[in-house]
Peer 1: 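Got a structure for you, questions after.
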Protein chains: 2
Amino acid sequence: MKTTRNTTAKTAVLEIFGKSKTALSHTEIYKQIEDVCDRVTVYRILDRLVNDDIVHKIVDLDGTVKYAKCHHHAQRVHIHNHAHFSCEKCLEITCLENVKPSYIMPHNYKVNNINFTLSGLCPNCLNSNI
Amino acid sequence: MKTTRNTTAKTAVLEIFGKSKTALSHTEIYKQIEDVCDRVTVYRILDRLVNDDIVHKIVDLDGTVKYAKCHHHAQRVHIHNHAHFSCEKCLEITCLENVKPSYIMPHNYKVNNINFTLSGLCPNCLNSNI
DNA sequence: AACCAAATTGCAACAATGTTGCGATATTAT
DNA sequence: ATAATATCGCAACATTGTTGCAATTTGGTT
């Protein structure tokens with residue numbers, strides 16, 4: 001039974017997530033705390049946070065990997081079945097907590113997880129695009 | 001007006017796509033034709049094929065980038081709105097041409113493209129898992 | 001408060017993946 | 001056949017992520 005510990009670096013990472021409304025890449029996080037810890041440490045912290053279901057991993061259409069804090073509802077089993085929006089202009093990724101796709105699968109597939117990412121223009125960029 | 005040319009390498013890549021039922025990564029493709037052309041050339045060919053809508057790019061839940069040949073239907077505008085399945089066991093990615101998610105978006109978003117990837121066990125691995 | 005086991009970190013080194021510049025080559029239209 | 005240019009090969013670089021190991025830090029226990 002591995003116990004997780006609270007370290008300075010982990011706290012710093014969580015604080016960054018708390019302040020951000022959008023998903024963050026490893027690089028974006030590391031830039032904000034490069035005086036606190038090593039690059040590798042950030043990778044390991046992110047791995048642990050994902051494992052502990054505190055953060056979830058998002059991959060956008062281009063293959064960019066980002067992380068966002070999980071908003072736990074009253075669910076027992078924690079599945080990230082909400083959608084993500086990737087803005088083509090500002091490159092920000094946001095969680096669309098309320099957008100959940102419905103679909104019909106062929107038989108003989110066992111679905112454990114889904115990733116539903118939409119791309120285009122976010123409200124901000126759509127308005128400034130006139 | 002850039003015209004695209006048919007080269008030996010491009011033909012070789014297309015032949016590989018023709019034979020494969022699943023999506024392929026750059027590495028998988030390159031391994032099959034490393035005597036035909038350079039690694040960089042494969043990257044550039046894939047870029048062009050995506051641009052010309054002959055192949056589409058798929059990113060799975062882990063961030064692995066793969067490519068699959070497009071199956072054009074009678075549509076004018078070519079949008080890849082079908083789902084992809086990523087098997088956790090054999091790691092293969094297949095197109096689920098008939099699975100299309102339905103969803104409701106908030107206002108003020110302009111959606112240009114979607115990526116709907118499901119992961120779990122494919123029929124093959126599900127059967128051999130007993 | 002000191003101690004101990006184990007989780008975490010830093011560092012260095014490596015690996016995989018993707019990009020760029022540029023001179024050389026191959027393709028296509030005329 | 002020729003000319004324009006799309007494509008290629010090579011080398012070099014950039015980014016992202018991983019691994020091993022010794023040193024440090026943490027949380028619980030005495």
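We name chains A, B, ... by the order of the sequence lines, and we start the count at 1 in each one.
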Peer 1: When rounded to the nearest 0.5 angstrom, what is the spacing between NZ in B:K89 and SG in B:C122?
Peer 2: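 Between atom NZ of B:K89 and atom SG of B:C122 there are 8.5 Å.
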
Peer 1: Does the pair A:Y109 and B:L96 meet the rule for a side-chain contact (heavy atoms from CB on, under 4.5 Å), with working shown?
Peer 2: CA-CA 11 Å; A:Y109 282 89; B:L96 301 173; 3.6 Å; yes

Peer 1: Write down the distance between CD (A:E34) and P (C:dC11), rounded to a whole number of angstrom.
Peer 2: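 Distance check: A:E34 CD to C:dC11 P gives 13 Å.
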
Peer 1: Find the distance A:I29:CD1 to D:dG17:C1' and express it as a whole number of Å.
Peer 2: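 Distance, rounded to whole Å: 14 Å.
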
Peer 1: With side-chain contact (heavy atoms from CB on, under 4.5 Å) as the criterion, how do B:T64 and B:I93 come out once you've worked through the C-alpha distance, each side chain's angles and the decisive distance to 0.1 Å?
Peer 2: CA-CA 10 Å; B:T64 312; B:I93 295 184; 5.6 Å; no

Peer 1: Under a single-linkage rule joining Ile, Leu, Val, Met, Phe, Trp and Tyr whose side-chain heavy atoms are separated by less than 4.5 Å, which residues share a cluster with B:V40?
Peer 2: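 Traced through the cluster, B:V40 reaches no other member.
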
Peer 1: Starting at atom CG of B:D38, determine the distance to atom C1' of C:dT17, rounded to an integer number of angstrom.
Peer 2: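 Result: 14 Å.
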
Peer 1: Check DNA chain D against residues 5-23 of chain B and give the residues with a non-hydrogen atom under 4.0 Å, in numerical order.
Peer 2: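 Contacting residues: B:R5, B:T7, B:A9.
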
Peer 1: Would you mind building the protein contact string for nucleotides 18-23 of chain C? One character per nucleotide, 5' to 3', B for base within reach (heavy atoms under 4.0 Å), S for sugar-phosphate only, - for untouched.
Peer 2: BBBB--

Peer 1: Measuring from B:L46:CG to B:I29:CD1, what's the distance to the nearest 0.5 Å?
Peer 2: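 Here the interatomic distance stands at 4.5 Å.
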
Peer 1: How long is the line joining OH of B:Y30 and C1' of C:dA16, in whole Å?
Peer 2: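 About 14 Å, once rounded to whole Å.
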
Peer 1: Grab the NZ-P distance between A:K66 and D:dT16 for me, whole Å please.
Peer 2: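 It works out to 11 Å between those atoms.
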
Peer 1: Starting at CG of A:D62 and ending at P of C:dT17, how long is that distance when rounded to a whole Å?
Peer 2: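 Taking atom P of C:dT17 as the reference, CG of A:D62 is at 18 Å.
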
Peer 1: Roughly, in whole Å, what's the span from CZ in B:R48 to P in D:dT5?
Peer 2: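 Taking CZ of B:R48 and P of D:dT5, I get 17 Å after rounding.
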
Peer 1: Between B:H26 (side chain) and B:Y67 (backbone), is there a donor-acceptor pair under 3.5 Å?
Peer 2: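 Such a contact is absent between B:H26 side chain and B:Y67 backbone.
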
Peer 1: Using OP1 and OP2 only, check whether a side-chain N or O of B:T41 sits under 4.0 Å from D:dG9.
Peer 2: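 Yes, B:T41 has a side-chain N/O under 4.0 Å of OP1/OP2 on D:dG9.
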
Peer 1: Find the bend of the helix from C:dA1-D:dT30 to C:dT30-D:dA1 as the angle between its two terminal axes (five pairs each), to the nearest 10°.
Peer 2: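 The angle separating the two end axes equals 30°.
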
Peer 1: Looking for any heavy atom pair under 4.0 Å, which part of the strands does A:V42 touch: base, sugar-phosphate only, or nothing?
Peer 2: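 Nothing, no heavy atom under 4.0 Å.
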
Peer 1: Taking only residues two or more places apart in sequence, or in another chain, which ones meet B:F116 in a ring pair (Phe, Tyr, Trp, His ring centres under 6.0 Å)?
Peer 2: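 For B:F116, the residues satisfying ring pair (Phe, Tyr, Trp, His ring centres under 6.0 Å) (neighbours in sequence not counted) are A:Y103, A:F116.
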
Peer 1: What salt bridge (charged side-chain N to carboxylate O under 4.0 Å, His left out) pairs are there with at least one residue in residues 9-30 of chain A, not counting sequence neighbours?
Peer 2: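 Checked against salt bridge (charged side-chain N to carboxylate O under 4.0 Å, His left out) - neighbours excluded - the pairs reaching residues 9-30 of chain A are A:E28-A:K66.
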
Peer 1: In terms of hydrophobic clusters joined by side-chain contacts under 4.5 Å, are B:V65 and A:V59 together?
Peer 2: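 Same hydrophobic cluster.
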
Peer 1: To the nearest Å, give me how far apart CD1 (B:I45) and P (C:dA26) are.
Peer 2: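 One finds 15 Å between P of C:dA26 and CD1 of B:I45, rounded.
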
Peer 1: Roughly how far apart are B:T41 OG1 and B:R48 CZ, rounded to 0.5 Å?
Peer 2: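 Rounded to the nearest 0.5 Å, the OG1-CZ separation comes out at 8.0 Å.
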
Peer 1: Quickly, which of B:L49, B:T7, B:V36, B:T8 forms a side-chain contact (heavy atoms from CB on, under 4.5 Å) with B:V13? Name it, please.
Peer 2: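 That would be B:L49; it is the only one of B:L49, B:T7, B:V36, B:T8 passing the side-chain contact (heavy atoms from CB on, under 4.5 Å) with B:V13.
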
